[in-house]
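Data block below; observations after.
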Amino acid sequence: MSAKVFDTKEVQDLLKAAANLGNDAGSARTKQIAHRLLSDLFKAIDDLDMTPDEIWAGVHYFNKLGQDGEAALLAAGVGLEKYLDIRMDAADREANIHGGTPRTIEGPLYVAGAPVRDGVSRIDINPDADAGPLVIRGTVTGLDGKPVAGAVVECWHANSKGFYSHFDPTGAQDDFNLRGAVKTGADGQYEFRTLMPVGYGCPPQGATQQLLDALGRHGNRPAHVHFFVTSDKTRKLTTQINIEGDPLIWDDFAYATREELVPHVVEKTGGTALGLKADAYKEIRFDIALTPLVQGQDNQRVNRPRAAATTAAVAA
Ligand code: MBD
Ligand code: FE
């Protein structure tokens with residue numbers, strides 16, 4: 001069909017009616033966004049001559065996406081989450097905020113409520129025969145290089161199957177396995193004692209992988225560890241490190257890799273004395289530099305729905 005209808009009065013009136021423009025009811029911002037997104041969709045349907053079958057396949061896809069609980073996973077996979085980082089990086093440059101450890105995407109698998117410990121936390125709760133011991137440590141500083149005391153470093157990562165606790169389809173992990181939080185002392189240092197993660201892959205039967213298949217893409221990430229780093233005097237940093245040597249480092253389906261976020265992995269001995277499961281272990285040193293508040297505020301704080309869990313209360 002070559003007939004184009006988008007620019008007709010009938011269609012433009014339909015778009016205004018659907019977004020309920022021209023009155024004060026509802027949210028002005030939601031109406032503005034709905035009108036724009038619907039308009040862009042209608043225009044694309046017209047331009048590309050999308051068929052009714054294609055539209056209904058897409059509508060059904062949204063149902064599956066919701067049933068699978070994968071909307072945030074899809075957002076990572078189609079580059080939407082990376083795009084938000086690109087925009088925040090550009091806003092920082094415009095505001096003359098430079099330096100510090102680069103941000104990269106949060107992803108959909110954070111769980112709030114991990115126990116906070118001073119300086120050091122052992123975060124592998126469940127045994128994992130296929131994962132060797134890993135220590136991740138570093139110093140939290142400001143842009144001036146001075147240690148930040150009282151910073152909270154949170155980390156979370158997958159097990160040797162690429163599964164995260166709370167979201168593990170096998171149900172094999174306890175709450176907060178491979179999730180932890182450490183508060184820095186005057187030296188700014190933090191340390192996590194944990195197990196080496198393996199890269200994540202999208203659920204093979206899920207809506208996200210379904211679209212990736214149709215695009216001829218894979219749905220895998222390199223092995224990585226996520227961080228949130230907060231303090232009273234700095235902006236919250238959301239970032240990740242990749243495990244050096246993973247073949248997918250520059251082929252991440254979520255586009256989170258950054259040059260500065262692939263620290264060296266060093267072979268060490270002396271793990272037994274640290275309480276690790278073997279004497280030989282791997283160590284990653286990841287120093288973190290935070291950016292200052294802007295006029296006393298974190299101007300880039302991201303609020304999004306997040307899972308939460310609580311550590312089981314011990315009977316008094
Ligand atoms: C992950 O572990 C992740 O970090 C992202 C961004 C998407 C899916 C799984
Ligand atoms: Fe992840």
Side-chain angles (χ1 to χ4, degrees), residues 64-66 68-89 101-112 114 123-124 128 131 134 136 153-170 172-173 175-181 192 194-213 215 217-229 236-244 246-258 261-263 284 286 302 304-309:
K64 176 167 169 58
L65 185 65
D68 295 346
E70 288 193 2
L73 182 62
L74 183 70
V78 297
L80 177 61
E81 197 169 4
K82 171 67 181 179
Y83 185 57
L84 300 181
D85 276 356
I86 294 170
R87 287 179 44 79
M88 287 190 282
D89 285 354
T101 302
R103 63 166 58 82
T104 196
I105 67 169
E106 172 179 330
L109 303 177
Y110 172 77
V111 177
I123 63 172
D124 56 309
D128 187 341
L134 170 68
I136 305 167
V153 181
E154 276 186 278
C155 91
W156 68 102
H157 66 80
N159 67 6
S160 69
K161 309 286 174 287
F163 295 142
Y164 286 74
S165 61
H166 195 88
F167 302 99
D168 186 332
T170 71
Q173 302 180 62
D175 274 353
F176 299 116
N177 189 43
L178 310 180
R179 300 176 183 276
F192 291 105
T194 187
L195 298 172
M196 186 59 90
V198 161
Y200 170 94
C202 289
Q205 305 310 322
T208 304
Q209 190 59 55
Q210 184 186 324
L211 178 65
L212 294 171
D213 285 347
L215 299 175
R217 290 180 51 197
H218 71 72
N220 301 314
R221 301 206 61 210
H224 62 278
V225 177
H226 297 262
F227 295 88
F228 279 160
V229 191
K236 174 176 174 176
L237 173 67
T238 300
T239 196
Q240 305 179 29
I241 54 171
N242 284 343
I243 304 300
E244 187 184 38
D246 192 299
L248 288 182
I249 281 184
W250 293 106
D251 191 15
D252 176 6
F253 100 102
Y255 310 104
T257 302
R258 302 187 76 154
L261 300 176
V262 192
I284 294 173
F286 181 50
V302 174
R304 61 184 276 183
R306 296 184 174 99

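The analysis underlying the following values was restricted to heavy atoms, covering all of them including side chains, and did not include hydrogens, waters or symmetry mates. For ligands, and for the atoms within them, numbers begin at 1 and follow the listed sequence. Bear in mind the structure is a predicted one, so any value in this text is a computation, not a measurement.
- Atoms of ligand 1 found under 4.0 Å from any heavy atom of Ile105 (numbered from 1 in listed order, with element): 6 (C).
- Among the backbone and side-chain atoms of His224, an N/O/S atom is found under 2.8 Å from the Fe ion (ligand 2).
- Distances from the Fe ion (ligand 2) show that Gln240 has no N/O/S atom below 2.8 Å.
- A donor and an acceptor atom, one from each side chain of His218 and Asp251, are located under 3.5 Å apart.
- The Leu73 neighbourhood of ligand 1 comprises atoms 7 (C), 8 (C), with distances under 4.0 Å to a heavy atom of that residue.
- In Glu106, neither the side chain nor the backbone holds a heavy atom less than 4.0 Å from any atom of ligand 1.
- Below 3.5 Å of separation, one finds an N or O of Arg221 facing an N or O of ligand 1.
- Arg179 places a side-chain N or O within 3.5 Å of a backbone atom of Ser165 that can act as its donor or acceptor partner.
- Under a 3.5 Å cut-off, the side chain of Asp68 and the backbone N or O of Ala207 do form a donor-acceptor pair.
- Put simply, no part of Ala256 is less than 4.0 Å from ligand 1, judged by heavy atoms.
- For the side chain to side chain donor-acceptor pair (under 3.5 Å) criterion with Tyr110, the lone passing option out of Glu154, Arg306, His226 is Glu154.
- Atom numbering of ligand 1 starts at 1 in the shown order; those under 4.0 Å from a heavy atom of Leu109 are 1 (C), 2 (O), 9 (C).
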